[in-house]
Amino acid sequence: MTDSIFTKIIKREIPANIIYEDEYVVAFEDVNPVAPIHILIVPQKQIPTINDANLEDTALLGHVILTAAKLANQRGVSENGYRLVINCNKDAGQTVFHIHCHLLGGRIFNWPPG
Ligand code: 5GP
């Protein structure tokens with residue numbers, strides 16, 4: 001598998017505003033934010049889509065979500081609320097084929113998303 005753009009960010013081959021990293025995940029600011037807070041939480045392991053994840057990735061994916069919640073708390077939006085999004089394939093508009101969770105906050109989000 002060739003390196004995704006996010007793997008290149010993780011390897012510091014291309015720049016990004018990295019705000020959190022541990023042995024399982026990296027989080028950085030989205031280059032094209034759609035909300036005042038728009039952070040991507042990305043597993044260090046390059047898995048193309050959520051369809052490709054399996055049982056052995058359960059803890060990793062849980063860690064992605066809990067990291068998003070921790071960063072939301074750090075950014076002060078836990079109480080007012082925020083949205084977590086994982087897009088999968090073309091109908092959802094996935095453009096980077098390396099699983100990532102969008103943390104969106106700082107404004108009101110409509111439901112249904114439209
Ligand atoms: P998707 O549509 O795949 O769920 O989301 C991909 C996200 O990655 C988009 O919000 C896009 O703005 C962001 N993105 C794409 N390339 C880069 C990049 O090189 N750096 C950063 N920081 N974000 C990127």
Side-chain angles (χ1 to χ4, degrees):
M1 193 187 308
T2 58
D3 283 354
S4 72
I5 194 153
F6 291 167
T7 293
K8 290 177 181 168
I9 287 172
I10 290 166
K11 290 181 172 175
R12 272 52 174 193
E13 291 173 2
I14 64 169
N17 186 9
I18 295 175
I19 56 175
Y20 177 82
E21 182 167 25
D22 63 27
E23 75 179 287
Y24 303 109
V25 301
V26 172
F28 49 87
E29 306 278 357
D30 196 292
V31 76
N32 185 25
V34 298
I37 297 166
H38 190 169
I39 296 168
L40 302 174
I41 301 91
V42 182
Q44 299 254 8
K45 177 181 178 184
Q46 183 174 318
I47 307 168
T49 81
I50 204 76
N51 292 336
D52 304 302
N54 55 46
L55 206 53
E56 75 183 23
D57 301 313
T58 301
L60 176 62
L61 295 173
H63 190 63
V64 167
I65 303 296
L66 293 178
T67 300
K70 185 162 76 176
L71 295 173
N73 186 47
Q74 282 177 10
R75 292 295 175 100
V77 293
S78 294
E79 196 170 325
N80 274 0
Y82 55 90
R83 181 164 291 174
L84 303 181
V85 173
I86 298 175
N87 293 319
C88 182
N89 281 338
K90 65 176 170 47
D91 281 5
Q94 184 177 5
T95 57
V96 177
F97 289 85
H98 181 155
I99 290 176
H100 50 283
C101 176
H102 297 255
L103 164 60
L104 301 166
R107 68 171 172 84
I108 291 170
F109 300 97
N110 294 326
W111 193 264

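For ligands, and for the atoms within them, numbers begin at 1 and follow the listed sequence.
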For atom 22 (N) of ligand 1, the protein heavy atom that lies nearest, with its residue and separation: E29 O, 2.9 Å

E29 with R75: basic N within carboxylate O range, under 4.0 Å: yes

Contact (N/O only, under 3.5 Å) between V31 and ligand 1: yes

Atoms in ligand 1 with a heavy atom of N32 nearer than 4.0 Å: 12 (O)

R107 (side chain) donor-acceptor with G105 (main chain) under 3.5 angstrom: no

Ligand 1 contact on H100 by region, counting heavy-atom pairs under 4.0 Å: side chain

Donor-acceptor pair, side chain of H63 and main chain of A59, under 3.5 angstrom: no

Protein heavy atom at shortest distance from atom 9 (C) of ligand 1: D30 OD2, 3.3 Å

Atom indices of ligand 1, in the order listed, that fall short of 4.0 Å to a heavy atom of H102: 1 (P), 4 (O), 5 (O), 7 (C), 10 (O)

All side-chain hydrogen bond (donor to acceptor under 3.5 Å, both in side chains) counterparts of N73, not counting sequence neighbours: S78

Residues L104, I37; criterion side-chain contact (heavy atoms from CB on, under 4.5 Å); working and verdict: CA-CA 5 Å; L104 301 166; I37 297 166; over 6 Å; no

Protein heavy-atom partner closest to atom 3 (O) of ligand 1 - residue, atom, separation in Å: T95 N, 2.7 Å

Under 3.5 Å donor-acceptor, E21 side chain and I10 backbone: no

Side chain R83, main chain I108, donor-acceptor under 3.5 Å: no

V85 contact mode with ligand 1 (heavy-atom cut-off under 4.0 Å): neither

Under-4.0 Å heavy-atom contact with ligand 1, by part of F6 that carries it: side chain

G93: numbered ligand 1 atoms lying under 4.0 Å from its heavy atoms: 2 (O)

Nearest protein heavy atom with distance in Å, relative to atom 15 (C) of ligand 1: V96 CG2, 4.0 Å

Element-labelled atoms of ligand 1 that are located less than 4.0 Å from some non-hydrogen atom of I5: 19 (O)

Heavy-atom gap I9 to ligand 1 smaller than 4.0 Å: yes

Close side-chain approach of I41 to H100, heavy-atom, < 4.5 Å: no

Numbering as shown, the atoms of ligand 1 that approach N87 to under 4.0 Å (heavy-atom distance): 1 (P), 2 (O), 4 (O)

Ring geometry between F6 and H98 (parallel below 30°, tilted from 30 to 60°, perpendicular above 60°): tilted

